[in-house]
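First the structure, in the form of structure tokens, and then the observations on it.
Hydrogens, waters and symmetry mates are skipped; everything else that's a heavy atom, side chains included, is used. Being a predicted model, the structure only gives us computed values, none of them experimental. Sequence positions, counted from 1, serve as the residue numbers for this chain.
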Amino acid sequence: MAIILRNRLLTLHSSSLLQPSLRPSPNAPFFSLCVKTRPLGPRTGHGPSFHASASRAAGPTASDSARVVRKVFFVPPGVDPAEVSEDMVLPGSNIVVGPYAGHAQIKEVEFVKSSGRAKDCPKDGRPEFAILGRSNVGKSSLINALVRKKEVALTSKKPGKTQLINHFLVNKTWYIVDLPGYGFAKAPGSVRMDWSAFTKGYFLNRDTLVSVLLLIDASVPLQKIDLDCANWLGRNNIPLTFVFTKCDKMKGGKRPDENIRSFQEVIRENYREHPAWIMTSSVTGLGRDELLLHMSQLRNYWDQ
């Protein structure tokens, strides 16, 4: 059943949101995003969808006001861009709340297993969100903040400690997946892993993946390695949301909102429709409830 659902989601992207001539090269400075979609109403293969793309050449598909909205906000299925108002946008984000937003509270969470290979991950068909980011970006801290339990995902002062695919079952219905951090080069040679080879199979073959939460450290300027990661995900049509972490901290002289604003400028210059993003802090709790609500609407849409 999961394979059938995945095929339906990817059918809308069979021609790709990126035109062949506009596909970024592996060394392209910017990145492309593509969120899995499915039609609303009867599954005829047509209908509204939500996505973000780096293509600049696509012709107009909506009114001027709707195009302006999509250039700034992430508009989910079931929402007319022309009718979006500020009170529909989650605080500290560009995410519009739509009709698929629902129960978002986490009542229970349990660790299920760690997998060394994608084919060893759980096969029960439950939807899942993969949490990904540079080593020391705050993945474990965010997971612990989301579930409001200490040490559900162990934190460490040594970046790169997570080297397996870790599944946590939430409310017995969906998974949070803690993936190894990328960009870590301090591990001993015998332990050091090829991140792309290790996780490639997971991203490309995981039929139950609803979205990747790509964590970006807002306390520092945007890093090229984060753009490279997003670029790879985009070229392979992997859905994602940018989650800015450490929004309570400041490094290098710039405030988190300044770093985020610089990031947004890059996005607006290269995307006809804006990807989802949200500000968070595992220390203050900023963005926790809003992120869970966003995840609920993606999950409910995927699972209809």
Between Asn166 and Ser114, does any side-chain donor sit less than 3.5 Å from a side-chain acceptor?
yes
Pairwise side-chain contact, Val96 with Pro76, heavy-atom cut-off 4.5 Å (strictly under)
yes
Main-chain N/O of Gly102 paired with Ser296 side-chain donor or acceptor, under 3.5 Å:
yes
Which pair of non-hydrogen atoms, one from Ala130 and one from Leu179, has the smallest distance, and what is that distance?
CB-CD1, 3.7 Å
Modelled atom types, side-chain donor and acceptor of Ser93 and His294, under 3.5 Å:
no
Hey, are the side chains of Val79 and Glu83 touching, using non-hydrogen atoms and a 4.5 Å cut-off?
no
Does a side-chain heavy-atom distance below 4.5 Å link Ile95 with Gln297?
yes
Scanning both residues in full, the closest heavy-atom pair of Tyr100 with Pro77 reads CD1-O, 3.8 Å
About how many Å separate CD of Glu110 and CG of Leu169, when rounded to the nearest 0.5 Å?
5.0 Å
Donor-acceptor contact present, side-chain Asp80 to main-chain Ala82, <3.5 Å:
yes
When rounded to the nearest 0.5 angstrom, what is the spacing between SG in Cys247 and CD1 in Ile216?
11.0 Å
Taking Arg126 for its side chain and Lys172 for its backbone only, find out whether a donor-acceptor pair lies under 3.5 Å.
yes
When you compare the side chain of Arg206 with that of Cys121, does any pair of heavy atoms fall below 4.5 Å?
yes
Might you point out which heavy atoms bring Pro180 and Lys139 nearest each other, and give the distance in Å?
C-CE, 4.3 Å
What is the distance from atom NZ of Lys246 to atom OG1 of Thr284, rounded to the nearest 0.5 Å?
14.0 Å
Check: Asn171 side chain, Thr173 main-chain N or O, donor-acceptor pair, under 3.5 Å
no
If we only count heavy atoms from C-beta on, is the Asp87 to Val89 side-chain gap below 4.5 Å?
no
State the CG-CZ distance between Leu213 and Phe129, to the nearest 0.5 angstrom.
7.0 Å
Give the C-alpha distance, both sets of side-chain angles, the deciding distance and a yes or no for side chain to side chain contact (heavy atoms under 4.5 Å, CB included) between Lys200 and Trp232.
CA-CA 10 Å; Lys200 183 177 180 180; Trp232 186 91; 3.8 Å; yes
Contact between Trp277 and Val243 at the side-chain level, heavy atoms closer than 4.5 Å - yes or no?
no
For a side chain to side chain donor-acceptor pair (under 3.5 Å) check, start with the C-alpha distance between Asp226 and Tyr182, then their side-chain angles and the critical distance, and finish with the verdict.
CA-CA 9 Å; Asp226 293 327; Tyr182 54 83; 2.6 Å; yes
Honestly, is Arg299 close enough over Trp174, meaning NZ or CZ under 6.0 Å from the six-membered ring centre and within 45° of the axis?
yes
Hphob cluster co-occupancy, Val283 + Phe244, side-chain heavy atoms under 4.5 angstrom:
no
Taking every heavy atom of Ala218 against every heavy atom of Asn259, the minimum-distance pair comes out as O-ND2, 2.9 Å
For Val210 and Pro127 the tightest heavy-atom approach is CG2-CB, 3.5 Å
Is Lys119 atom NZ crowded by more than 12 heavy atoms from other residues, nucleotides or ligands, each under 6.0 Å away?
no
Could you go step by step and tell me if Asp124 and Tyr175 meet the side chain to side chain donor-acceptor pair (under 3.5 Å) rule?
CA-CA 11 Å; Asp124 53 20; Tyr175 287 109; 2.5 Å; yes
Between Thr280 and Thr245, which heavy-atom pair has the shortest distance, and what is it?
OG1-CA, 3.6 Å
Test side chain to side chain contact (heavy atoms under 4.5 Å, CB included) on Val109 and Ile176 and set out the steps.
CA-CA 9 Å; Val109 59; Ile176 287 176; 5.9 Å; no
Going only through I, L, V, M, F, W and Y residues with side-chain contacts under 4.5 Å, is there a path from Ile225 to Val220?
no
Pair Ser115, Asp120: side-chain N/O donor-acceptor within cut-off below 3.5 Å:
no
Would one find more than 12 heavy atoms of other residues, nucleotides or ligands at under 6.0 Å from atom CD of Glu108?
yes
Find the distance between CG (Asn205) and OG1 (Thr208) and round it off to the nearest 0.5 Å.
11.0 Å
Measuring from Leu222:CG to Asp217:CG, what's the distance to the nearest 0.5 Å?
10.0 Å
Please tell me if the side chains of Leu132 and Leu215 come closer than 4.5 Å, counting only heavy atoms from C-beta onward.
no
Indicate if Leu214 and Leu204 have the same hydrophobic cluster label, given that clusters are the connected sets of ILVMFWY residues with side-chain heavy-atom separations under 4.5 angstrom.
yes
Run the numbers on Leu209 and Ile238 for side chain to side chain contact (heavy atoms under 4.5 Å, CB included), then give the verdict.
CA-CA 9 Å; Leu209 178 62; Ile238 309 299; 4.0 Å; yes
Any donor-acceptor pair under 3.5 Å from Asn300 side chain to Ala101 backbone:
no
Quickly, which of Ser219, Ser281, Ser282 forms a side chain to side chain donor-acceptor pair (under 3.5 Å) with Asp248? Name it, please.
Ser281
Do Phe168 and Val147 have side chains that get closer than 4.5 Å, going by heavy atoms?
no
